[in-house]
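Worksheet for the structure shown next.
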There are 2 protein chains.
Amino acid sequence: MDTQAEIEDFILNGHLRYVPHVSIDCAIFGYHEQQLKVLLIKHKYIEGWCLPGGYIKRTETLVQAANRNVMERTGINNLFLQQFKAFGDPGRARINEFDEEKWFRVTGVRVTKNNWLIDQTISIGFYAITDFSRSVPKPDMMSEDCAWFDIDNLPKLEFDHDEMVKEALHTMRVQLYHYPIGYNLLPEKFTLTEIHALYETLLGKKLDISNFPKKLMALGLLKKLNEKRSIGPHRSPHLYVFDKDAYDKALKEGVVLS
Amino acid sequence: MDTQAEIEDFILNGHLRYVPHVSIDCAIFGYHEQQLKVLLIKHKYIEGWCLPGGYIKRTETLVQAANRNVMERTGINNLFLQQFKAFGDPGRARINEFDEEKWFRVTGVRVTKNNWLIDQTISIGFYAITDFSRSVPKPDMMSEDCAWFDIDNLPKLEFDHDEMVKEALHTMRVQLYHYPIGYNLLPEKFTLTEIHALYETLLGKKLDISNFPKKLMALGLLKKLNEKRSIGPHRSPHLYVFDKDAYDKALKEGVVLS
DNA sequence: TTGTTATTTTGTAAAATTTACTAAATAAAA
DNA sequence: TTTTATTTAGTAAATTTTACAAAATAACAA
C-alpha cells in the first residue's frame, strides 16, 4: 500500500474489502538487553503519536488482522500475540474534528464527511512482544514516522491510546505468569541469567536471582545443553534452549509461574 | 421496541442510531440455590438457541450497551458485568444464508441484501451474573423465547456461541478469584455456608468446608452481625453482610483469593 | 430436663511452598 | 596460583495451604 492509486482506492473503496466501524490497535512491546519499548507511529493527519493499527479484512480473522499489522510495522511474523480488550466509548476517535482540507493535503484525495473512514469506530486491542533490535519499524501509508519509545518515557498519546497501553501492559504482565515467553526474544541458546533478565524487564520488578531460575526450570520448558558460554573472568554459565514441544503445549494449555 | 413501526424503523434506519458491523453478546449466568444457569434466546429468524445480544448505540459506551441489554433481558440493573473477548472471524454470522422471504414473514418488513443488518459483524462478548430467581426473562423484538438453561445441559448453540459460553465461563471462573462476588446473588443477610455454596457452584468444584470460609473472612469484605438464623435442630449459623465500602474498593482494585 | 443429632465454627498439626540467605563451583585474567 | 565476579546448588526459616479433629450449638424428642 504505497502508490497514490492504492491510497485512493483504499479511501474510496476500502469499505468493500474491510469491515467498517471496527479497527484493531496493537501495543507492540519490544525487548532487548533489559530494555522495554513500545512501537508508536505518527499519523500525517494527526499531531501526536499513537499506537499502530488498521482495519480488518472481510476475509481474515481478528488474529490474522493483528498479525498482519504487526508484521507490516516490524517486519517480523508470528509473534506472541494476544487480544486484551475492545475500546468503543463514543468520542474516543474525535471524528467531529474532521477537516476536509487537511485530508486532501495529506492524502491527495477529496474525502467527504460520509466516507467510511469518517465514522465512529470500535477498536480491538492486541498486544505483541518482539525483539526490537531485529525489527525494522515501517510507517503505514497514513503515517510519517514509526519508532520505538522507552516504556517509561512515552509521550502523551492521541485518542484513548494512553489507556490502551496501560491496559496492554497490565494484561501482558498478568499473562506472563500463565504463558511461556522468550521464544524470538532470546538467542536460540541462552543462559538462565538472560531469561531471568527478560522476565525482570517485562514485569518491571526484581525477581530473586537464586530462586527464579529454579522456578523457570521447574516448568519443564527448558533443555539444558552440554555447552557453556564464555563471559570473561567468571564462571561460565550453562546454555539452554526451549523444548519446543513442551513450549507449544504450554502456549495452548497455559502454565503457572509463581 | 415492540410496535411494528418501531421494528420497521430499527431495520431501515437503525444504522443512524447504532454502530453498524459491531454487536455485543452477553453470557448472563444465573445463580440460585446451588444451581447455575445461562440465559438463552430463540430468534424468530433462526432455528436454534443463542446468547442474547444487540447493537451499540452511537451515544453509549460498550459497558452501557451491555448493561442495557442485560437489563432488557432480565429486568435487573447493575449486575457484575465484564467484557471477556471480541469475536470476529469471517463466517461466524452466516450472512450468506440470508433469506429475504423469511425476513419478511418474521418482521413484516422487506429487507434487501444491502441492509445494514445483513453484513459481517464483529461481536464483543460480555458476561454477567445474576440471581435467576429474581429475573423476568423477556425476549427481544427479534426473538420468540427467552429462558434459563442449566449450565451443564445446554443445547447446541447457533453461530460461535458455544465457544462464547465456554470462554465466558472460563473468564468468569478465573475472575472469581480476583473480584468480590455475591452482591445481588445472596440475600441481604447470609450465612457463610450460603456464600460457600455460591462459590462452589460458580466454580463447579468442591471447596473445603472448613478452610474456605476462613479465606473469605480474611478478605475483609464481610461484616459479622449479631444475629443468627434458625435452621432446625442444628447449631444456628451467624449472619453476615457485605461491607459495602470494602466491597466497592475490592471491585476497583481487585482481590486475591487462593 | 436431658440426650440426640446435624451443622457451624474453632483449633491445630502436618504438608507444601516460598523466601532469604549462604557458600561452593567456576573460568579467565592478573 | 591468586583474584574476581558470576553462576549455581543447598538449606534453614518463614509462610501458606491442607487436612483433620473436636468443640459449640440449637431444636427436637424422650
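All values below come from the heavy atoms of this structure, side chains included, with hydrogens, waters and symmetry mates left out. Throughout, a chain's letter reflects where its sequence line sits, starting with A, and its residues are numbered from 1. Please read all numbers here as calculations on a predicted model, not as lab measurements.
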Exercise. Quick one, which residues of residues 201-211 of chain B touch DNA chain C with a heavy atom under 4.0 Å?
Worked result: Ser210(B)
Exercise. Whole-Å distance between dA9(D) P and Leu216(A) CG?
Worked result: 13 Å
For this session: Provide, to the nearest angstrom, the distance between the CG atom belonging to Leu192(A) and the C1' atom belonging to dT6(D).
Result: 13 Å
For this session: Taking salt bridge (charged side-chain N to carboxylate O under 4.0 Å, His left out) as the test, write out the residues that go with Glu227(B), two or more places apart.
Result: Lys189(B)
Exercise. Which residues in residues 221-232 of chain A have at least one heavy atom lying under 4.0 Å from any atom of DNA chain C?
Worked result: Lys228(A), Ser230(A), Gly232(A)
Problem set entry | Axis-to-axis angle between the two ends of the helix from dT1(C)-dA30(D) to dA30(C)-dT1(D) (five base pairs per end, rounded to 10 degrees) | 30°
Exercise. Quick one: ring-ring contact (aromatic ring centres under 6.0 Å, His included) partners of Phe149(B), sequence neighbours excluded?
Worked result: Trp49(B)
For this session: Heavy atoms of chain B, cut-off under 4.0 Å: which first and last nucleotide of DNA chain C, 5' to 3', fall inside that, if you could look?
Result: dT5(C) to dT12(C)
Exercise. Hey, does the side chain of Lys215(B) come within less than 4.0 Å of dT18(D)'s phosphate (OP1/OP2), counting only N and O?
Worked result: yes
Problem set entry | Partner residues of Tyr179(A) under the ring-ring contact (aromatic ring centres under 6.0 Å, His included) criterion, sequence neighbours left out | Phe80(A)
For this session: Determine, using ring centers only, whether Tyr247(A) and Tyr183(A) are less than 6.0 Å apart.
Result: yes
Problem set entry | Residues Ser123(A) and Ser23(A): side-chain donor-acceptor under 3.5 angstrom | yes
For this session: For His43(A), check ring-ring contact (aromatic ring centres under 6.0 Å, His included) against everything at least two apart and list the hits.
Result: none
Exercise. Quick one: His234(A) NE2 to dA5(D) P, roughly how many Å, whole number?
Worked result: 7 Å
For this session: With sequence neighbours excluded, tell me which residues meet ring-ring contact (aromatic ring centres under 6.0 Å, His included) with His196(B).
Result: Phe212(B)
Seminar exercise, completed: salt bridge (charged side-chain N to carboxylate O under 4.0 Å, His left out) filter on Glu33(B), not counting sequence neighbours, yields none
Problem set entry | Partner residues of Asp162(B) under the salt bridge (charged side-chain N to carboxylate O under 4.0 Å, His left out) criterion, sequence neighbours left out | Lys156(B)
Exercise. Do the numbers put Lys85(A) on top of the ring of Phe87(A), so that NZ or CZ is under 6.0 Å from the six-membered ring centre and no more than 45° off the axis?
Worked result: yes
Exercise. Does NZ or CZ of Lys215(B) fall inside the cone over Tyr199(B)'s six-membered ring, less than 6.0 Å from its centre and within 45° of the axis?
Worked result: no
Problem set entry | Results of side-chain contact (heavy atoms from CB on, under 4.5 Å) for Lys166(A) - residues two or more places apart only | none
Exercise. For Lys214(A) and dA12(D), what is the distance between atoms NZ and C1' respectively, to the nearest whole Å?
Worked result: 12 Å
Exercise. Mapping Pro233(A) and Thr193(A) onto DNA chain D by nearest heavy atom, which one lands closer to the 5' end?
Worked result: Pro233(A)
For this session: Assign each of Arg235(B) and Ser258(B) to its nearest nucleotide of DNA chain D by heavy atoms, then name whichever residue's nucleotide is nearer the 5' end.
Result: Ser258(B)
Problem set entry | For atom NE2 of His238(B) and atom C1' of dT25(D), their distance in whole Å | 10 Å
Problem set entry | Lys37(B) to Phe132(B) six-membered ring, cation-pi geometry met (6.0 Å, 45°) | yes
